[in-house]
Each structure stands twice: as C-alpha cells, then as structure tokens.
Amino acid sequence: MAKIKVKTPKEIELIRDAGALAAVTLLRAGEMVKPGVATIEIDDFIGEFTKKNGGISACLGYHGYPRNACISINDVVCHGIPSKDIILKDGDIVNIDITTILSGYHGDTSAMFVVGKPSKDALELVQVTKECLDRGIEVAGTPGVRYSDIGCAIQEIADDYGFGVVEDYCGHGIGRNFHEEPTVFHFRNNFKSARIETGHVFTVEPMINAGKPGVKVLNDKWTAVTKDGSLSAQWEHTIAITKNGAEILTLPR
Ligand code: MF3
Ligand code: CO
Ligand code: CO
C-alpha cells in the first residue's frame, strides 16, 4: 500500500480553487438538463466553460476517455460517455461528473439532476444516495476513524432501503493526480485500512443501485450499467480533513 500524501494548507487551497471551478461548472451544466437535450451539448458546455475559466477537463484523454465529463443516465452507474445520440427525456435521473484541473491540482465532484418528473422510487434513490454522501463525509471528519468506517456507515443507510452499494468503483485520494492513494470503499468492509488524518484529501462518491450492486461495462469499454437493469445514482465531493473535521472543497463560489 503506497503512502497517503499529507497536503499542506497551500495545496488544499489550490485544490479548493479547482474544486470551486468544478462545482460552478457542474451547477451550470445541471441547468441544461431538460427534455430533448443531447448529452454532448452539456459536455461541450463543460469543456468550453472550463477552458474559459483557465481550467482543464481532467477526464478528456484520461486513459483514452473521449469527452470532457461523464454523464450517466438511469441504469448507467458511471462513466456514461456524452453523445449526440443520447437525448434526455422526461423522468430521467442524470449524474454529471466533472473533474477540473486548475494550477496543476484536481477538483472532482458530481451530482444528480432530474428531467421533468421522475417516479417516486427514482427520486427516493437520488435522495438516499445524497444522504449516503453526506453521512460518508461526516464520518470521514470524525477524529480517529479509519477509511473502512466510511463504507460501513454508507452501507448501513443503503441497507435500510434494500439498495445495493456498488463495489467496482471507489473514491480516491486526489491532488496533483486525478486518482491517488487511498482507495475509498463505499461498501461495508473490514479491510485493514489507514487512519484518516489531518491533511488527507480524497473523494467520497457512493454509487447506489435501486437493485443489486452488480455492474457490467458496455462494449465502449467505459459505460458501466447495473447488471439487473435497476436505476443507479451517485453524488461526489472532494474533501479535506482539517483539525475541525471534513471540509468540502467542491463548493461553488
Ligand atoms: N470523475 C470520475 C471519478 O470520480 C472519474 C472519471 S474517469 C473518466 O473518479 F476517464 F471516465 F473520465
Ligand atoms: Co468524479
Ligand atoms: Co472521483
């Protein structure tokens, strides 16, 4: 297990700057979520807005990824590739995941948006997944806890609703690198994990399925969908551990 980097206050400030741009971009992108809009239109906006504000879309070219951001609809768990052929329609639940590089540091955040009027069940999934994120962050900021405590707390909430916690994709340390140590599991586990310490910066990004946790990746090598066809939701923040607990670095300003 490679070592988890402890970031300086200066580095955390730079990640907060990148995170704020990612968050503002995400809000603006979310305003475009309407019936009839192609996901590539939203992606194009994300790319242009990021550049205009001095940033770089981290996803573009990352391990060959072809677009600026990921836009994942309904049963798509994550890494949905924006396309002119994917058109939003009434009732869809949509995750937009944006990672922005500014001055060499990364900010990574995603949120759910809905098109028109989704079903009650879909809205419940979206809200419970947000609760999972909030609880994960709260636990992360509690003195003395380990990384494994985050997943235990998240799965406790998901279990109450009979929802599945995705195991194939995880949160991650972040900074100069998009993905660095540690891996943050969102499911209940007793893996031997590190203690969460002041100066650690990482994401919490639970993916919760209305059905079973299983996922499969489509032939495009990116798009991950639920195996059972159930809906999936995700929310993500980049956080820093400070002496006052967890601070969210991906807030708009
Ligand atoms: N933003 C995703 C994350 O939260 C990663 C997307 S990688 C990409 O870690 F290549 F698909 F863009
Ligand atoms: Co992300
Ligand atoms: Co992430």
Side-chain angles (χ1 to χ4, degrees), residues 4-5 7 15-16 18-27 29-30 39-40 42-44 46-47 50 55-73 76-83 86 94-102 105-113 129-130 132-133 136-137 140 147 150-151 154 165-187 200-208 215-225 232-240 246 248-252:
I4 301 168
K5 291 196 188 87
K7 270 83 174 179
I15 300 168
R16 192 186 292 109
L21 178 54
V24 170
T25 311
L26 179 59
L27 267 187
T39 55
I40 199 161
I42 301 174
D43 191 76
D44 286 341
I46 291 167
T50 300
I56 298 167
S57 297
C59 292
L60 189 62
Y62 184 76
H63 292 282
Y65 187 78
R67 299 285 172 210
N68 297 294
C70 300
I71 304 183
S72 303
I73 303 172
V76 179
V77 172
C78 64
H79 301 169
I81 303 174
S83 162
I86 301 177
V94 183
N95 174 274
I96 303 178
D97 190 341
I98 297 176
T99 308
T100 304
I101 308 172
L102 198 62
Y105 284 86
H106 293 70
D108 185 6
T109 181
S110 84
M112 296 299 295
F113 302 92
T129 305
K130 177 63 163 59
C132 288
L133 170 68
I137 292 171
Y147 280 94
I150 295 173
I154 287 172
V165 181
V166 170
E167 302 189 1
D168 301 64
Y169 300 93
C170 304
H172 49 92
I174 185 167
R176 278 200 172 277
N177 306 299
F178 193 163
H179 296 102
E180 54 185 58
E181 288 290 319
T183 299
V184 181
F185 299 104
H186 302 110
F187 54 94
H200 288 186
V201 177
F202 54 95
T203 72
V204 180
E205 49 179 303
M207 280 149 266
I208 308 292
V215 313
K216 64 179 186 205
V217 177
L218 301 185
N219 284 333
D220 64 19
K221 299 277 191 1
W222 285 104
T223 311
V225 300
S232 187
Q234 179 181 24
W235 294 81
E236 175 176 23
H237 273 309
T238 297
I239 66 173
I248 297 173
L249 301 180
T250 36
L251 294 176

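As the structure is a prediction and not an experimental result, all values here were calculated from the model. In each ligand, atom 1 is the first atom listed, and ligand 1 is the first ligand listed.
- Taking the six-membered ring for Trp and thresholds of 30 and 60 degrees, H200 and Y147 have nearly parallel ring planes, at less than 30 degrees apart.
- The N/O atoms of H179, backbone and side chain alike, include one that comes under 3.5 Å of an N/O atom in ligand 1.
- The T99 neighbourhood of ligand 1 comprises atoms 1 (N), with distances under 4.0 Å to a heavy atom of that residue.
- Using a non-hydrogen distance threshold of 4.0 Å, H63 does not register as a contact of ligand 1.
- A distance-only check finds a donor-acceptor pair linking the side chain of S72 to the backbone of G80 [under 3.5 Å].
- Each of the atoms 4 (O) of ligand 1 lies under 4.0 Å from some heavy atom of E236.
- Sorting the N, O or S atoms of E236 by how far they are from the Co ion (ligand 2) puts OE1 first.
- Judged by distance alone, the side chain of H106 and the main-chain N or O of R176 form a donor-acceptor pair under 3.5 Å.
- When side chains are defined from C-beta on, N177 counts as touching K5, because their heavy atoms get closer than 4.5 Å.
- Of all protein heavy atoms, the one closest to atom 7 (S) of ligand 1 is Y62 CD2, 3.9 Å.
- Looking at C78 against ligand 1, nothing comes within 4.0 Å, counting heavy atoms.
- Restricting D108 to its N, O or S atoms, the one at the least distance from the Co ion (ligand 3) is OD2.
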Derivation of the side chain to side chain donor-acceptor pair (under 3.5 Å) call for H172 and E205: CA-CA 9 Å; H172 49 92; E205 49 179 303; 2.9 Å; yes
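- Shortest contact from atom 6 (C) of ligand 1 to any protein heavy atom: H79 NE2, 3.7 Å.
- You'll find the ring centres of Y62 and H179 inside the 6.0 Å limit.
- Checking H172 against the Co ion (ligand 3), an N/O/S atom falls under the 2.8 Å cut-off.
- The closest side-chain donor-acceptor pair between T99 and D108 falls under 3.5 angstrom.
- For the Co ion (ligand 3), the nearest N, O or S atom contributed by E205 is named OE2.
- Under 4.0 angstrom from ligand 1, the non-hydrogen atoms of D108 all belong to its side chain.
- Using 4.0 Å as the threshold, W222 has a heavy atom nearer than that to some atom of ligand 1.
- Minimum heavy-atom separation, A69 to D43: N-OD1, 2.8 Å.
- Between W235 and C132, the closest side-chain pair of non-hydrogen atoms is not below 4.5 Å.
- The side-chain heavy atoms of M207 and T129, taken from C-beta on, include no pair separated by under 4.5 Å.
- Among all non-hydrogen protein atoms, the one lying nearest atom 4 (O) of ligand 1 is E205 OE1, 2.8 Å.
- Atom 5 (C) of ligand 1 has as its closest protein heavy atom F178 CZ, 3.6 Å.
- Closest to atom 10 (F) of ligand 1 among all protein heavy atoms lies Y65 CB, 3.3 Å.
- Below 30°, between 30° and 60°, or above 60°: for Y65 and W222 the angle between ring planes is above 60°, a perpendicular geometry.
- Counting all heavy atoms, side chain and backbone alike, A140 lies closest to I239 at CB-CD1, 3.8 Å.
- Nearest protein heavy-atom neighbour of atom 12 (F) of ligand 1: C59 SG, 2.9 Å.
- Considering backbone and side-chain atoms together, D97 places an N or O closer than 3.5 Å to an N or O of ligand 1.
- The shortest separation from a heavy atom of T203 to ligand 1 is not under 4.0 Å, leaving the residue out of contact.
- For the Co ion (ligand 2), the set of nearby N, O or S atoms under 2.8 Å includes one belonging to D97.
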